[in-house]
Amino acid sequence: GEDVEQSLFLSVREGDSSVINCTYTDSSSTYLYWYKQEPGAGLQLLTYIFSNMDMKQDQRLTVLLNKKDKHLSLRIADTQTGDSAIYFCAESLTGANNLFFGTGTRLTVIP
Amino acid sequence: EADIYQTPRYLVIGTGKKITLECSQTMGHDKMYWYQQDPGMELHLIHYSYGVNSTEKGDLSSESTVSRIRTEHFPLTLESARPSHTSQYLCASRANRGSGANVLTFGAGSRLTVL
């Protein structure tokens, strides 16, 4: 089955860059996504990338996709305390109607 | 602005009670989903629906049931709650076919505690 993996925890200092990594196994991914979940809340879409793209930038967020290695990363520049949350990567597959989520990475920003 | 609502946000009940978690969306989305989220964060798909009168079981077996009588409404029911049902339940919906990326919009979640 589909397997999407992330490291569980990441701590960074305020103002530094954060890089959250994700690996997936299914090469038929069509889109890959990053969602953010704040405490007690649902998931909020941050950004997504089409599988034939290498990079997408949106303000402080940069998504890099290495399709050969099946590796996705999310870089947050100038990380702020408000960025503390759980970040999920997810993939959608050809013909599938739902998303497959990673385990989530809990980002802690230290003031 | 995404409009998908879940009620109740928090529920504490005793074992054996019947409960229904409500989910409504005003975006006209055909596809709706229920995910169960472990305390350790991982999300598991338990039910989904492609439209009215369509319901399917997800990847994780669940004792809950769902119904889809109206497009905007996708309630989840537990006939007899047990402590093992304690979890966060997240409802989501997806834009209809032809809208490109398979973007799911989530509700705020319902946190269920069964004593």
Side-chain angles (χ1 to χ4, degrees), chain A residues 1-10 20 22 24 26 28-53 56 58 63 65 72 84-108, chain B residues 1-10 21 23 25 27 29-51 54-60 88-113:
Chain A
E2 298 75 20
D3 197 7
V4 182
E5 294 193 356
Q6 304 176 235
S7 52
L8 291 180
F9 302 99
L10 176 66
I20 303 170
C22 172
Y24 58 97
D26 199 310
S28 66
S29 296
T30 54
Y31 288 90
L32 293 121
Y33 310 78
W34 284 104
Y35 280 84
K36 176 183 181 182
Q37 185 180 31
E38 295 183 357
L43 275 68
Q44 171 196 357
L45 178 69
L46 286 179
T47 186
Y48 63 89
I49 186 169
F50 188 44
S51 58
N52 69 354
M53 295 172 62
K56 181 177 180 181
D58 184 2
V63 178
L65 176 60
L72 180 76
S84 292
I86 302 171
Y87 291 81
F88 290 91
C89 70
E91 61 172 347
S92 61
L93 306 179
T94 305
N97 285 294
N98 60 306
L99 302 188
F100 298 94
F101 285 87
T103 50
T105 299
R106 185 181 297 275
L107 173 65
T108 301
Chain B
E1 186 74 26
D3 290 328
I4 181 164
Y5 305 102
Q6 291 187 241
T7 57
R9 289 292 315 279
Y10 303 94
L21 304 180
C23 177
Q25 50 95 7
M27 296 172 283
H29 289 172
D30 284 337
K31 296 179 175 63
M32 296 188 73
Y33 307 83
W34 276 103
Y35 286 86
Q36 184 173 337
Q37 185 173 26
D38 298 340
M41 305 183 300
E42 197 162 351
L43 285 153
H44 300 285
L45 180 69
I46 52 174
H47 298 284
Y48 60 99
S49 167
Y50 293 156
S54 151
T55 61
E56 303 284 344
K57 290 195 178 294
D59 305 322
L60 180 70
Q88 165 101 311
Y89 293 85
L90 292 167
C91 180
S93 69
R94 183 207 152 186
N96 301 336
R97 187 181 300 176
S99 55
N102 195 1
V103 173
L104 295 186
T105 302
F106 281 83
S110 292
R111 183 168 295 282
L112 173 65
T113 302

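Within every chain, numbering begins at 1; the chains are lettered A, B, ... in the order of the sequence lines, protein sequences first and strands thereafter.
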Is chain B contacted by the side chain of [X], its backbone, both, or neither, given a heavy-atom distance below 4.5 Å?
X: A/Leu43; value: both
X: A/Gln6; value: neither
X: A/Phe88; value: side chain

> Which residue, A/Thr105, A/Thr103, A/Leu72, forms the side chain to side chain contact (heavy atoms under 4.5 Å, CB included) with A/Cys22?
Replying inline: A/Leu72
>> At a 4.5 Å cut-off on heavy atoms, which part of B/Gln6 comes close to chain A: side chain, backbone, both, or neither?
In response: neither
> Is the side chain of B/Ser49 donor-acceptor paired with the backbone N or O of B/Gly51 at a distance under 3.5 Å, no angle test?
Replying inline: yes
> B/His29 and B/Ser93: which non-hydrogen atoms are nearest, and at how many Å?
Replying inline: ND1-OG, 2.7 Å
>> Parallel, tilted or perpendicular, judged at 30° and 60°: which one describes the rings of B/Tyr35 and B/Phe106?
In response: tilted
